K.L.:
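One structure coming up, written as C-alpha cells, with questions to follow.
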Amino acid sequence: MEAGLEQLAEAEGTTATWLKKHRLVYTAATRHPFILSIRDGSIDLNSFKRWLGQDYLFVRAFVPFVSSVLLKACHESDNNSDMEVFLSGLAALNDEIKWFKKESSKWGVVLSSIAPQKVNEDYCRFLESLMGPNVEYTVAITALWAIELVYQQSFAHCLEEASRTPLELAETCQRWGNEGFGQYCRSLQKIADRRLLRATSEELKKAEATLLRVLEHEVEFWNMSQG
Ligand SMILES: Cc1ncc(CN)c(N)n1
C-alpha cells in the first residue's frame, strides 16, 4: 500500500475507505509528476513560478470557502471544538498569503499582473458551488479535508529522507509538509469521519462525489502548473 495511505487507513473511518477505493486518482493527485520533479530536483523553475502565481490566486478564493465551512460549523456542528479547528486554518491562511507575497517577490513573480488560468477558474468555481447554504456541512468538510490533504501528502513526500528537493524549494515544501499541517489535516479528517458516520445515504453519495471532484481538480491544477 502507498505509504501515506497506510497511515491514513489507521483511522479506519469512511474517509480512509474512500481513499483506498479511489487510490488511483488519489495517487495521481499526491504523486503527480510536478511534485516528483520537485522531489528529484529536476523541476523546471518556470513551472514552479507558474504554480506560485496561480496558487496565490487559488488561496485567495480558498479563504471564503474555509470561512463558509466555519459558518456551517457554527450552525450545524454537534461539536464546539470544530470551530477552533477552522479558525486555526484561517489563521494559517493569513500567514500563507503573506508567504506567497514574499516568495513571489523572491522569484520575480508579479502577483498583481497574473490572470487565473481556466483550470484555476474552474476549481475556484467549484469551491464557490460548495459555499452555499444548500451544501451540507458534512459535504463541505469532506472537501476541505481532501483539498488540504493533497498538499500535505504531496509536499511531505518532497521532504522525505531520499528526496533531492532543491534547497530554494525546501521552504515551500515545509509550508504544507510540516508536522503541524499534518496534525491539522488529521483534525479535519476526524471531523469529516465523525460527520460521515451519521450522514444519510444521500449525503454520503454527495460527499464521496465531492472528494473525487477535489482529487480531479488537484490533478488538473498540477497539470496546469507543469505546463
Ligand atoms: C490547488 C491547491 N490545493 C490545496 C491547497 C492547500 N491549501 C492549495 N494551496 N492549492
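The structure displayed is predicted, hence computed values, not measured ones. Ligands are counted one by one from 1 in listed order, and the atoms in each one are counted from 1 as well.
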K.L.:
Report the part of Glu218 in contact with ligand 1, treating N, CA, C, O as backbone and CB onward as side chain, heavy atoms under 4.0 Å; options are side chain, backbone, both, neither.
P.N.:
side chain

K.L.:
Any atoms of ligand 1 less than 4.0 Å from a non-hydrogen atom of Val59? List them with their elements.
P.N.:
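That gives atoms 9 (N) of ligand 1.
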
K.L.:
Could you give the distance from CH2 (Trp99) to CD (Gln174), rounded to the nearest 0.5 Å?
P.N.:
11.5 Å

K.L.:
Is the closest heavy atom of Val150 to ligand 1 under 4.0 Å?
P.N.:
no

K.L.:
Give me the residue, atom name and distance of the protein heavy atom closest to atom 7 (N) of ligand 1.
P.N.:
Glu148 OE1, 2.7 Å

K.L.:
Classify the ring geometry of Tyr151 against Trp51: parallel below 30°, tilted from 30° to 60°, perpendicular beyond 60°.
P.N.:
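The rings of Tyr151 and Trp51 sit tilted, inter-plane angle from 30° to 60°.
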
K.L.:
Is there a donor-acceptor pair under 3.5 Å between the side chain of Trp176 and the backbone N or O of Phe181?
P.N.:
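Side chain of Trp176 to backbone of Phe181: no pair is present.
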
K.L.:
Tell me: protein heavy atom nearest atom 10 (N) of ligand 1, and distance?
P.N.:
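Of the protein heavy atoms, Asp55 OD1, 2.6 Å lies nearest.
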
K.L.:
Applying salt bridge (Lys or Arg N to Asp or Glu O under 4.0 Å), can you list everything that pairs with Glu179, at least two apart in sequence or on another chain?
P.N.:
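For Glu179 the salt bridge (Lys or Arg N to Asp or Glu O under 4.0 Å) partners, ignoring immediate neighbours, are Arg186.
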
K.L.:
Give the atom numbers and elements of ligand 1 that come within less than 4.0 Å of a heavy atom of Phe221.
P.N.:
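Close to Phe221: 1 (C).
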
K.L.:
List in chain and number order the residues that pass side chain to side chain contact (heavy atoms under 4.5 Å, CB included) with Leu111, two or more places apart in sequence or in another chain; answer none if no residue qualifies.
P.N.:
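Leu111 satisfies side chain to side chain contact (heavy atoms under 4.5 Å, CB included) with Tyr56, Lys101, Ser104, Val109, Ile114 once adjacent residues are dropped.
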
K.L.:
If you count every heavy atom of other residues, nucleotides or ligands that lies below 6.0 Å from Met131 atom CE, does the total exceed 12?
P.N.:
yes

K.L.:
Below a 4.0 angstrom heavy-atom separation, can you tell me which part of Ile147, side chain or backbone, both or neither, approaches ligand 1?
P.N.:
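Both parts.
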
K.L.:
For ligand 1, which is the ligand I care about here, please tell me if Tyr123 has any N or O atom under 3.5 Å from one of the ligand's N or O atoms.
P.N.:
no

